[in-house]
Every structure is written in C-alpha cells, then in structure tokens.
Chemist: 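Sharing a structure with you now.
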2 protein chains.
Amino acid sequence: MGGVSTTAPATAGRDLPHPARTEIRLEAVLHALSDPMRLQIVRELAAERDELTCSHFDLPVTKSTSTHHFRVLREAGVVRQCYRGTAKMNGLRREDLDDLFPGLLDSLLSAAARQAVRLGG
Amino acid sequence: MGGVSTTAPATAGRDLPHPARTEIRLEAVLHALSDPMRLQIVRELAAERDELTCSHFDLPVTKSTSTHHFRVLREAGVVRQCYRGTAKMNGLRREDLDDLFPGLLDSLLSAAARQAVRLGG
DNA sequence: CGGCTCGTACGATAGGCATCGTAGTACGGG
DNA sequence: CCCGTACTACGATGCCTATCGTACGAGCCG
C-alpha cells in the first residue's frame with residue numbers, strides 16, 4: 001500500500017483466482033469433466049506429467065472458447081494456472097484431488113482411456 | 001391390429017427407453033452426477049442395495065422436477081427404471097457401469113461420501 | 001364405480017453455458 | 001519503440017436445463 005502507483009511488481013494484475021483445496025466440490029469437478037473438450041484437456045495434462053501452455057492444445061474451437069474451458073477447469077479446482085511470460089501454464093492439481101478424493105482421478109482417467117479405446121479403436 | 005383390442009397385456013405403453021450398455025458415455029454419466037440432487041439419489045440407491053420407488057426419495061423439489069431428474073439418470077445409463085403397479089422402481093446399473101468403467105462408480109461414491117463427511121460433519 | 005395415489009406430459013420461465021467475433025492488454029524481441 | 005504472439009474481456013447468440021404449475025393417465029382399493 002502507500003504511494004506505490006504501480007500497485008504490484010511483476011506480472012501485476014495477472015494472478016488467477018483458484019479455489020482452496022477445501023473449497024473444491026465434487027459436483028463442480030464432475031461438471032467440469034463432463035464436457036468432452038475439457039475431459040480431453042485433462043487427459044493430455046495427465047499424460048504429459050508436466051505443465052502445458054494453453055496453446056499446446058490443438059482444440060477445434062476459437063481461442064475465446066478455449067480460454068473459457070480452461071477457466072472452468074481452474075475454477076472447479078481441477079487445474080492450476082499461472083503465467084510464465086506471455087504463456088499461461090496449466091498443471092493438474094493431482095495432489096489436491098488425490099487428497100480430497102483418493103483414487104477418483106485415476107478412475108476417471110482410466111475410464112476415459114477405456115472409452116477412447118472402445119469408441120476410437 | 002389383430003383381434004386383441006387391449007393392445008398389450010399389462011402395463012402397456014409403459015416401457016421406458018434405456019441406453020444399451022455400449023451406448024453409455026462417460027461424459028453423460030459425469031454430467032448426470034454433477035447435479036447435487038441426482039448425486040444424492042444415486043448415493044441412496046447405492047446404500048440400499050435394492051430397487052427403490054421414486055416416491056421413496058424425499059427431494060426438495062416438485063414431482064415434475066423429480067421425474068425430470070430420474071429421466072436424466074436413466075438416459076445417461078446410470079439407473080434402470082421399470083413400473084411395478086403405480087410405482088416406478090429405480091435400480092443402479094452397477095454391473096453395466098462396472099463393466100464399462102471398472103472402479104469408477106465406487107470411487108465416485110466414496111468421493112461423495114467423503115465430501116459429505118467433510119462438509120456435513 | 002368412485003376416488004386415491006403415483007407418476008407423466010406439456011408449457012412457461014429463468015438462468016446457465018458453449019460458441020463466436022472483435023477489440024484490447026501483457027510480455028518479449030528486434 | 002514498434003511489432004508479433006499469447007491470452008483476455010465483453011457482448012451476442014442459440015441451445016440446454018432446472019424449476020414450477022396444471023392437467024392428465026394408470027393402476028389399486030373400498
């Protein structure tokens with residue numbers, strides 16, 4: 001506070017609001033994953049075990065829509081997002097989810113993989 | 001047609017359309033369970049390991065809305081419904097779901113139970 | 001038959017949401 | 001300093017859905 005006109009140092013105003021671990025609701029997680037696009041994002045994020053930029057994903061929608069989906073995932077507590085230069089990094093909140101709902105994420109991922117095999121190949 | 005005036009024997013025209021096992025989609029299941037009301041229904045259905053009538057559930061909505069939620073669950077392949085007299089019985093499609101997505105249902109139920117304890121107790 | 005209970009069908013309503021396009025902001029590099 | 005890249009914000013649109021109320025159909029019971 002005080003007289004600092006440029007309120008924050010670097011990447012100011014670029015923090016993204018995330019729900020705390022205890023604020024994550026199962027219904028919101030399920031809703032977030034009930035969209036094919038978002039489920040696909042989460043699957044890729046789980047496969048690569050690292051953070052990925054938004055632009056890494058080649059989604060069949062405009063960037064506006066893409067932004068929307070990533071926000072839904074973040075607000076549901078499924079992914080953690082932060083800026084790194086101009087890029088926005090996305091990481092799965094594995095630890096938080098595993099702590100809240102042990103085994104759920106793995107079951108969901110394996111269910112999605114199984115369905116992909118069944119329908120796609 | 002034919003001579004039979006009462007077209008069908010009993011509970012005629014009262015069959016309910018269900019998706020076949022192979023038509024059940026993960027996204028639809030997750031969407032169905034992302035509603036608190038429907039998640040509660042499924043939890044009760046899993047607790048009592050028997051079929052339950054619609055009226056057994058004391059939901060804070062009108063009967064119209066209740067009918068709607070049960071239909072969503074049925075069309076997603078989560079529950080199987082049939083008539084028994086005037087009552088409509090609801091049963092969890094455990095076998096189908098376990099075959100398609102092994103472990104998923106249990107993970108979901110346990111996640112829901114865990115959250116109920118965490119928030120309610 | 002008459003009435004009761006259970007559930008359905010249909011229409012209305014209000015809110016949510018997936019999608020787009022356009023205009024704009026933040027950062028890094030030449 | 002200017003430009004390109006990455007992402008956002010905002011408004012519009014059309015669809016889906018959760019909810020209700022009312023009117024109705026189907027089966028049971030006296």
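All values reported here derive from a predicted model rather than from experimental measurement. Chain letters run A, B, ... following the sequence lines, proteins first, then strands; residues in each count from 1.
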Chemist: Can you find a side chain N or O atom of B:T67 that sits less than 4.0 Å from OP1 or OP2 on C:dA9?
Modeler: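 Checking B:T67 against C:dA9: no side-chain N or O falls below 4.0 Å of OP1 or OP2.
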
Chemist: Which one, C:dG7, D:dT19, C:dT19, comes nearest to the side chain of A:V61?
Modeler: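 So the nucleotide nearest the side chain must be C:dT19.
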
Chemist: Can you measure B:H68 atom NE2 to D:dC16 atom P for me and round it to whole angstrom units?
Modeler: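 From B:H68 NE2 to D:dC16 P: 13 Å.
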
Chemist: With a 4.0 Å cutoff (strictly under), does any side-chain N or O of A:S55 reach OP1 or OP2 of D:dC7?
Modeler: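 Looking at the OP1 and OP2 atoms of D:dC7, one of them is under 4.0 Å from a side-chain N or O of A:S55.
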
Chemist: Just checking, any donor-acceptor pair under 3.5 angstrom between side chains of B:T65 and B:T62?
Modeler: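 A pair is found: one side chain offers a donor N or O, the other an acceptor, under 3.5 Å apart.
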
Chemist: Calculate the interatomic distance between A:D35 atom CG and C:dC17 atom P; express it in whole Å.
Modeler: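 Taking atom P of C:dC17 as the reference, CG of A:D35 is at 11 Å.
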
Chemist: Should A:T65 be listed as having a side-chain N or O under 4.0 Å from OP1 or OP2 of C:dC20?
Modeler: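 Answer yes for this pair, as a side-chain N or O of A:T65 is under 4.0 Å from OP1 or OP2.
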
Chemist: Classify the side chain of B:K63 versus the base of C:dG7 as yes if they form a donor-acceptor pair under 3.5 Å and no if they do not.
Modeler: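 Donor-acceptor pair under 3.5 Å: yes.
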
Chemist: Rounded to whole Å, please give me the gap between NE2 in A:H31 and C1' in D:dT17.
Modeler: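 From A:H31 NE2 to D:dT17 C1': 11 Å.
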
Chemist: Is it the case that over 12 heavy atoms from other parts of the model lie below 6.0 angstrom from the CZ atom of B:R49?
Modeler: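 Check fails, neighbour count at 12 or below.
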
Chemist: Report the residue (B:V72 or B:S64) whose heavy-atom-nearest nucleotide on DNA chain D is the more 5′ of the two.
Modeler: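 Residue closer to the 5' terminus by nearest nucleotide: B:V72.
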
Chemist: Over how many whole Å does the gap from B:M89 atom CE to C:dG7 atom P extend?
Modeler: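 Going from CE in B:M89 over to P in C:dG7 covers 9 Å.
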
Chemist: Check this one for me: any side-chain N or O of B:H56 less than 4.0 Å away from OP1 or OP2 of C:dC6?
Modeler: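 B:H56 to C:dC6 OP1/OP2: no side-chain N or O under 4.0 Å.
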
Chemist: With no hydrogens and no angle check, is any side-chain donor or acceptor of B:E23 less than 3.5 Å from a backbone partner on B:A20?
Modeler: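 Yes; judged by distance alone, with no hydrogens or angles, the pair exists.
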
Chemist: Measure CG/B:L59 against P/D:dT19 and give the value in whole Å, please.
Modeler: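 B:L59 atom CG is separated from D:dT19 atom P by 10 Å.
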
Chemist: If we ignore hydrogens and angles and just use 3.5 Å, is the side chain of B:E51 paired with the main-chain N or O of B:G91 as donor and acceptor?
Modeler: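 Checked: no pair found.
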
Chemist: Nearest whole angstrom, please: distance from the C1' of D:dA26 to the CG of B:D15.
Modeler: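 Rounded to whole Å, this separation is 14 Å.
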
Chemist: Which residue lies toward the 5' end of DNA chain C, A:H69 or B:C54, if each is placed at its nearest nucleotide?
Modeler: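 Here B:C54 is the residue nearer the 5' end.
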
Chemist: Could you tell me the separation between the OH atom of A:Y83 and the P atom of D:dT5, rounded to a whole number of Å?
Modeler: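 Checked: the OH to P distance equals 19 Å.
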
Chemist: Starting from P on C:dT5, measure out to CZ on B:R84 and report it in whole angstrom.
Modeler: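 The distance from CZ of B:R84 to P of C:dT5 comes to 21 Å, rounded to the nearest Å.
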
Chemist: Output yes when B:D106 and B:R94 qualify as a salt bridge under the 4.0 Å nitrogen-oxygen rule, no when they do not.
Modeler: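 Here B:D106 pairs with B:R94 in a salt bridge, since their nearest N and O are under 4.0 Å apart.
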
Chemist: Would you say B:T86 reaches D:dC28's phosphate, i.e. side-chain N/O to OP1/OP2 under 4.0 Å?
Modeler: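 For B:T86, the contact criterion (side-chain N or O under 4.0 Å from OP1 or OP2 of D:dC28) is not met.
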
Chemist: Is the phosphate of D:dA18 approached by B:R38 (side-chain N or O, under 4.0 Å from OP1 or OP2)?
Modeler: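 Affirmative; the distance criterion is met.
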
